[in-house]
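Taking it in order: structure first as structure tokens, then the write-up.
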Amino acid sequence: MDPIKVETLLKVQQLRDQFDNLEKHTQWGIDFVEKYTKFVKERSEIELNYARQIRNLSKKYQPKKKEEDDNKYTWCRAFHSTLNEMNDYAGQHEVIAENMMSQIIAELTRYTQEIKTERKAHFHDGRKAQQQVEASWKQLEACKRKFERDCKEADRAQQYFEKMDADINVTKADVEKARQQAQMRHQMASDSKNEYSSYLQKFNQEQNEHYYTIIPNIFQKIQAMEEKRIERMGESLKTYAEVDRQILPIIGKCLDGITQVAESIEPKNDSSQVIESYKSGFEPPGDVEFEDYGQAMKRTVSETSLTNSRTDSKGDRSSKSKCKPLWPFIKKNKLSLKLGANPEDFSHLPPEQRRKKLQAKIDDINKDIQKEMDQRDALTKMKEVYIKNPQMGDPNSVDPRLAEIAQNIEKLQAEAQKFEGWLAEVEGRMPVKSDPPKRTSVLYETQNNTPPTNNNCAQDRESPDGSYTEEPSSEVQSKVQPETAESGDEFDDADEEIQPTIGTCKALYPFDGVNEGTISVTEGELLYVIEEDKGDGWTRVRRNEEEEGYVPTSYVEVFLDSNAKGAITYI
């Protein structure tokens with residue numbers, strides 16, 4: 001085979017191999033960009049899930065109800081502030097996910113499509129140029145073979161003519177024919193030579209342009225494309241770090257806020273509030289006097305004695321001989337609390353706490369009275385305007401409302417006087433040095449759900465072994481004992497409201513209750529209805545004893561019980 005032809009074929013094959021290698025490398029680079037994009041996407045999903053879990057955790061430990069002690073103590077306020085800071089902390093991780101989606105994932109996805117299109121165009125141009133030079137080479141080979149064939153034919157025709165011309169037996173006409181044939185063949189060989197020479201020159205120009213202009217330009221474009229891809233990869237990695245770095249100051253502020261609220265905790269102030277809240281107002285008992293049973297004399301009972309002798313007659317018992325139990329060990333009758341039978345005058349509470357409750361009740365009533373009086377004054381002025389300007393309205397139309405307000409004020413004033421009387425009674429009986437403390441019998445509260453007329457305790461009883469017992473009757477004691485034996489706490493919180501269910505509902509759509517007072521539900525979830533829509537578009541529902549809140553009425557299908565109307569709240 002022609003060495004030149006072999007060399008040319010080797011160059012073409014090598015170029016084709018280089019194109020294949022470049023194609024594999026550039027495709028691997030694009031795959032790597034897509035792999036990095038997937039990594040960032042999964043990272044953003046992790047950030048979103050983490051933020052969602054932090055929010056749910058913070059929501060889980062938020063106070064369920066507005067209780068009195070929620071913000072009373074500094075350590076409670078510090079914890080609630082920490083939960084709020086954790087919400088902001090979760091929000092910053094959501095910002096990380098959003099920025100990664102917009103600044104990295106979206107940009108790289110768009111750029112990947114662009115680089116795929118650009119790469120396809122470059123390799124298409126390279127293959128097209130390669131096909132053109134190969135086609136030109138094939139045409140040059142065809143011209144070369146034709147020129148070679150025509151030269152051989154002309155040489156054979158020339159040899160035949162010379163043979164015929166030397167033969168004396170051949171006619172002159174045959175010799176002339178052979179000469180003309182040889183000339184024709186020589187002319188054809190000359191034309192083929194010219195064509196081959198012309199096309200060879202053209203092929204060399206095309207080949208030179210192919211290897212020195214077209215292919216280098218394509219390689220340069222592919223190189224620029226690769227360098228740009230690598231540069232974009234570096235920019236994305238830098239953006240990846242900047243997205244995290246941007247939220248670090250805000251996260252630092254959240255952590256600083258938690259530190260500040262932690263430093264604001266005041267243990268002494270909180271303990272003082274606890275002392276003030278649970279201060280009973282009872283006077284500590286005096287010393288117990290020695291009783292000498294060895295003397296054959298009637299045992300006397302001191303004012304501070306815990307028991308009364310059974311041999312004493314009722315007529316000889318003075319007011320000082322009545323019960324005075326050791327007040328730190330007095331147990332609350334839980335039966336009355338569980339049955340919702342707390343007296344209206346709060347006589348089940350110790351004196352100091354009872355005084356606070358009564359004072360708070362009086363303040364609320366006075367506020368209501370002031371509101372009614374303000375309404376009365378406004379209506380009175382309106383009536384005066386109507387009297388002066390009858391065209392503006394009928395003065396008599398205001399009278400029914402004025403009469404209703406007057407009745408309300410009268411009722412509120414009577415209620416205020418009632419509580420003020422109880423308050424005066426409590427303040428008059430607050431323990432002083434010369435006045436021994438007295439308390440209301442717990443069993444009296446259980447049996448009578450009305451305020452007692454006096455605060456003297458029930459008659460003390462002495463068991464056969466001489467120990468003190470608080471109950472006046474064994475029969476009543478046997479009824480109350482199952483409820484009172486549950487715990488030894490002195491006082492429990494009896495103010496928690498338990499709303500009865502008035503029906504059920506089914507969630508038609510999912511709802512994410514992020515606002516205070518709402519509750520999150522999932523589609524198809526069944527819940528209990530505890531309060532109907534009051535016209536504001538919200539229905540109050542309950543999931544369990546600790547989870548309740550409001551959901552949009554349009555998001556649920558409500559099924560009310562037949563006796564749901566008129567349902568009341570049990571305390």
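- Put simply, the side chain of Thr539 never gets that close to the backbone of Val551: no donor and acceptor are under 3.5 Å apart.
- Of all heavy-atom pairs spanning Cys254 and Tyr89, the tightest one is SG-N, 3.9 Å.
- Using a distance-only test at 3.5 Å, with no hydrogens or angles considered, a donor-acceptor pair links the side chain of Ser81 to the main chain of Arg77.
- In this structure, CD1 in Ile405 is found 11.0 Å from CE in Met373, a value given to the nearest 0.5 Å.
- A pairwise comparison of heavy atoms in Tyr61 and Leu83 identifies O-CD1, 3.3 Å as the closest pair.
- Ser44 and Ala97 get closest at one heavy-atom pair: O-CB, 3.4 Å.
- With Asn49 as the fixed residue, the side chain to side chain donor-acceptor pair (under 3.5 Å) test singles out one of Glu47, Glu45, Arg52, Gln53: Arg52.
- Environment of OH in Tyr528: sparse, with no more than 12 heavy atoms of neighbouring residues, nucleotides or ligands closer than 6.0 Å.
- In terms of heavy-atom proximity, Ala507 sits nearest to Thr522 at CB-O, 3.2 Å.
- Open room surrounds CZ on Phe32; 12 or fewer heavy atoms of other groups in view lie less than 6.0 Å from it.
- In plain terms, the two heavy atoms of Ala51 and Ala90 that are nearest each other are CB-O, 3.2 Å.
- In this pair, Trp75 and Tyr73 present their aromatic rings parallel. The plane angle is below 30°, not in the 30 to 60° band.
- When the shell of 6.0 Å around NZ of Lys41 is examined, it contains 12 or fewer heavy atoms from other residues, nucleotides or ligands.
- Between Ile409 and Arg376, the shortest heavy-atom contact is CD1-NH1, 4.0 Å.
- Two residues are said to be in side-chain contact when any heavy atoms from C-beta on lie closer than 4.5 Å; Val556 and Leu527 fail this criterion.
- For the residue pair Asp374 and Gln370, a side-chain donor N or O sits within less than 3.5 Å of a side-chain acceptor on the partner.
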